[in-house]
Amino acid sequence: MASQVDGETLTLPTGSPVFHPGDLARAIYGVRKGIVELIDASRNRLCYRHGELFSYEDIAWRGGYFRNEAIARTPVELVKLDRLNFLNLLHNHPTLAVVLIGQQHERLREQRSSGSYSY
């Protein structure tokens, strides 16, 4: 998915922050290469890999601020898509919403079956 989205390309080395909790959420991110880890306030962790989009919840309905910390766990190439372009993408490709819901459902299923957060 992320490899097919047009937006600003970011390249970050291992350990670099993508964003911090409380930062203004003006964009979503997609992973083209590498692994990005999101860490919430309870220190729960989720990793995102090639093709996955993350942080869309924060710009879609969370009040405009990132709730999590995002860190590059390997060298990463990301695509950054601002809120308006993301909403236009959803409008033009409504099945994307179904894909994103499916990804979230799969993550929740993995977490519940393992008793921990998935990687």
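Note that the numbering runs from 1 along the sequence shown for the chain.
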Could you check whether R67 pairs with D40 (Lys NZ or Arg NE/NH1/NH2 to Asp/Glu carboxylate O, under 4.0 Å)? no

By side-chain hydrogen bond (donor to acceptor under 3.5 Å, both in side chains), N88 pairs with (sequence neighbours left out) none

Could you give all pairs that pass the side chain to side chain donor-acceptor pair (under 3.5 Å) test and reach residues 10-24, with sequence neighbours left out? none

Side chain to side chain, L46 and N44, heavy atoms closer than 4.5 Å: no

Suppose the criterion is ring-ring contact (aromatic ring centres under 6.0 Å, His included): which pairs have a residue in residues 77-103, not counting sequence neighbours? none

Same cluster or not: I28 versus I35, using hydrophobic residues (I, L, V, M, F, W, Y) connected whenever any side-chain heavy atoms lie under 4.5 Å apart? no

Specify the closest pair of heavy atoms between P13 and A72, including all atoms of both residues, with the distance to one decimal. O-CB, 3.6 Å

Atom pair CG/CZ of D58 and R26 - distance to nearest 0.5 Å: 14.5 Å

By ring-ring contact (aromatic ring centres under 6.0 Å, His included), which residues pair with F54, not counting sequence neighbours? Y29, Y48

Checking S42 now: which residues fulfil side-chain hydrogen bond (donor to acceptor under 3.5 Å, both in side chains) with it, not counting sequence neighbours? none

Restricting to non-hydrogen atoms, name the atom on L53 and the atom on G30 that form the minimum distance, rounded to 0.1 Å. CD2-CA, 3.6 Å

I need the T74 OG1 to K33 NZ distance, nearest 0.5 Å. 11.0 Å

Closest heavy-atom pair, A97 versus L90, reported as atoms and distance to 0.1 Å, is N-CD2, 3.8 Å

Of all heavy-atom pairs linking F19 and S55, the shortest is CZ-CB, 3.8 Å

Heavy-atom closest pair, residues G64 and L24: O-CD1, 3.3 Å

What is the distance from atom CG of L100 to atom OG1 of T95, rounded to the nearest 0.5 Å? 10.0 Å

What are the two closest heavy atoms between R49 and V31, and how far apart are they? O-CB, 3.3 Å

Contacts of I39 that satisfy side chain to side chain contact (heavy atoms under 4.5 Å, CB included) - sequence neighbours left out: E37, R43, R45, E69, I71, R73

